[in-house]
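The figures that follow rest on heavy atoms only: side chains count, while hydrogens, waters and symmetry mates do not. Order of the sequence lines fixes the chain letters, A, B, ..., with proteins taken first and strands second; residue numbering starts at 1 for each chain.
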Protein chains: 2
Amino acid sequence: MNNYSNALREHHLKATPQRLEIANALAYYGHISIDNLYEIMLKKFNSISLATIYKNINIMLENSFIQEVKIPHEKSVYELSKEAHSHLVCNECGEIEDISIDLSQVSNAAATNTHFKIDKIDLVFSGLCQKCQTL
Amino acid sequence: MNNYSNALREHHLKATPQRLEIANALAYYGHISIDNLYEIMLKKFNSISLATIYKNINIMLENSFIQEVKIPHEKSVYELSKEAHSHLVCNECGEIEDISIDLSQVSNAAATNTHFKIDKIDLVFSGLCQKCQTL
DNA sequence: TGAATATTTACAAAAAATTGGTATTATTAT
DNA sequence: ATAATAATACCAATTTTTTGTAAATATTCA
């Protein structure tokens, strides 16, 4: 199990036990909503409050330690920052999967068409995962 | 100016004056947040309530008359349903632009890599629009 | 290692966002 | 036009998120 103390400090965040646990939860589950995170955190810190969750999620976002993933029709989930990647969501079971796809073609197409200077791409595929297709 | 009475009815929505005005606002502005929509609606219906806005947005979403667009770091905006397209957001001025790009390559890549059956793609480019690059 | 300081936490409360209940009014189909 | 149905405004309730603060904790630096 990873120790995120240094990673947190590199993002100018104090390494508190609560934050370490948030990092562990994100690492373990990959993507997690505020509600789920609160439930998980309660198991380790039985007096933790939602306000603490929100404050930490928000400051972690500001400092780019984590990223928000906006899923269609769902509440946002959060993930540890890593290399750029896209997401797939199963409309049946809700599973979220990471995927790395080369987006230079679409990025260039968008840039030349609109003259935007593009520096970030949020891409979410929705559909059915392999398991849910066969059920 | 378009009359959306029939379009609403085709989506099994009664064509009330409030709904027609929402449709007009979405058509005129392209993308609108709940707050902005409420402000706009207040000009025509000085006793309209936010609850009415929410109820209509929700039922219009359910009936696919409109679509939600989730913008990074921003509140959702809504748009009239139309052909599939992607979005560009300017991080400076907030402008949201539609763009049609062929996504069959990335869609195929994602499908073959993950064995998902993909039926929807949400793609948002963030960056700077042409105007804001030169400021 | 320990004291000083700066930040974080839990808790309470407030604020903001969204949803629910109902009498009245408007829309639709006949 | 009328009856049946659904939407609206209004108000209240709920849910979600943020804020303020004293106490507790982590970090810094000697």
Side-chain angles (χ1 to χ4, degrees), chain A residues 3-26 32-66 68-78, chain B residues 3-26 32-66 68-78:
Chain A
N3 182 303
Y4 288 97
S5 298
N6 289 329
L8 282 165
R9 280 189 274 264
E10 284 164 14
H11 289 268
H12 308 104
L13 296 164
K14 282 195 176 181
T16 67
Q18 290 85 345
R19 287 176 184 171
L20 290 169
E21 188 57 25
I22 289 176
N24 284 330
L26 293 179
I32 206 165
S33 68
I34 293 281
D35 287 348
N36 290 160
L37 182 57
Y38 182 45
E39 286 177 33
I40 292 160
M41 295 293 287
L42 274 175
K43 291 174 187 167
K44 299 249 180 177
F45 306 91
N46 59 8
S47 65
I48 201 172
S49 70
L50 251 183
T52 298
I53 306 288
Y54 276 108
K55 280 175 182 167
N56 279 320
I57 287 293
N58 284 333
I59 197 170
M60 286 171 159
L61 278 173
E62 284 166 22
N63 294 15
S64 298
F65 180 73
I66 65 173
E68 182 176 17
V69 185
K70 296 196 166 196
I71 306 293
H73 315 121
E74 300 291 336
K75 298 210 171 165
S76 289
V77 295
Y78 302 88
Chain B
N3 181 304
Y4 288 96
S5 297
N6 289 329
L8 282 165
R9 280 190 275 262
E10 284 164 15
H11 289 267
H12 309 104
L13 297 163
K14 282 195 177 182
T16 67
Q18 290 86 344
R19 288 177 181 171
L20 290 169
E21 187 56 25
I22 289 176
N24 284 330
L26 292 179
I32 293 191
S33 68
I34 294 282
D35 288 348
N36 289 160
L37 182 57
Y38 183 44
E39 286 177 33
I40 292 160
M41 295 294 288
L42 274 175
K43 292 173 186 165
K44 300 247 179 174
F45 306 89
N46 58 8
S47 65
I48 200 172
S49 71
L50 252 182
T52 298
I53 305 288
Y54 276 106
K55 283 171 185 167
N56 278 319
I57 288 293
N58 284 334
I59 198 171
M60 285 172 161
L61 279 172
E62 284 166 23
N63 295 14
S64 299
F65 181 72
I66 66 174
E68 182 174 18
V69 185
K70 295 197 166 194
I71 305 294
H73 314 120
E74 300 291 335
K75 298 208 172 171
S76 289
V77 294
Y78 302 88

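We find that NZ of B:K75 is positioned 7 Å from C1' of C:dA17, with the value rounded to whole Å. With rounding to whole Å, A:I57 atom CD1 is found 15 Å from D:dT18 atom C1'. Between A:H11 atom NE2 and D:dA26 atom P the separation is 20 Å, expressed in whole Å. With rounding to whole Å, A:I48 atom CD1 is found 14 Å from C:dT8 atom P. Between A:F65 atom CZ and C:dT8 atom P there is a gap of 14 Å when expressed in whole angstrom units. When the P atom of C:dT8 is taken as reference, atom CD1 of A:I22 falls 12 Å away, rounded to whole Å. We find that NE2 of A:H12 is positioned 16 Å from C1' of D:dA26, with the value rounded to whole Å. Across the protein-nucleic acid pair, A:L20 atom CG and C:dT9 atom P stand 10 Å apart, rounded to whole Å.
Taking 4.0 angstrom as the limit, A:N56 places none of its side-chain polar atoms (N or O) nearer than this to OP1 or OP2 of C:dT8. An OP1 or OP2 oxygen of D:dA9 is reached within less than 4.0 angstrom by a side-chain nitrogen or oxygen of B:T52.
A heavy-atom distance below 4.5 Å is not found between the side chains of B:N24 and B:K44. A:I59 is not listed as a side-chain neighbour of A:F65, based on a closest heavy-atom distance of 4.5 Å or more. The closest side-chain heavy-atom distance from A:L8 to A:M60 is below 4.5 Å. At a threshold of 4.5 Å between non-hydrogen side-chain atoms, the residues A:L61 and A:E68 count as touching.
Between D:dT19, D:dA7, D:dA9, one nucleotide has an atom nearer to the side chain of A:K55 than all others, and that is D:dT19. Among the nucleotides C:dA12, D:dT21, D:dC10, the one closest to the side chain of A:A51 is C:dA12.
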Reading nucleotides 25-30 of chain C 5' to 3', which nucleotides get B (base under 4.0 Å from a protein heavy atom), which S (sugar-phosphate only), which -?
--BS--
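Residue A:I34 is classed as having no contact, given no heavy-atom separation below 4.0 Å to the nucleic acid. B:S47 comes within 4.0 angstrom of sugar-phosphate atoms only, judged by non-hydrogen atoms across all strands, and of no base.
Side chain of A:N63 to main chain of A:H11: a donor-acceptor pair is present (N/O by atom type, distance under 3.5 Å, no hydrogens or angles).
To the nearest 0.5 Å, atom NE2 of residue A:H12 and atom CD of residue A:E62 are 13.5 Å apart.
Defined by atom type and a distance below 3.5 Å, a donor-acceptor pair is present between the side-chain atoms of A:S5 and A:N3.
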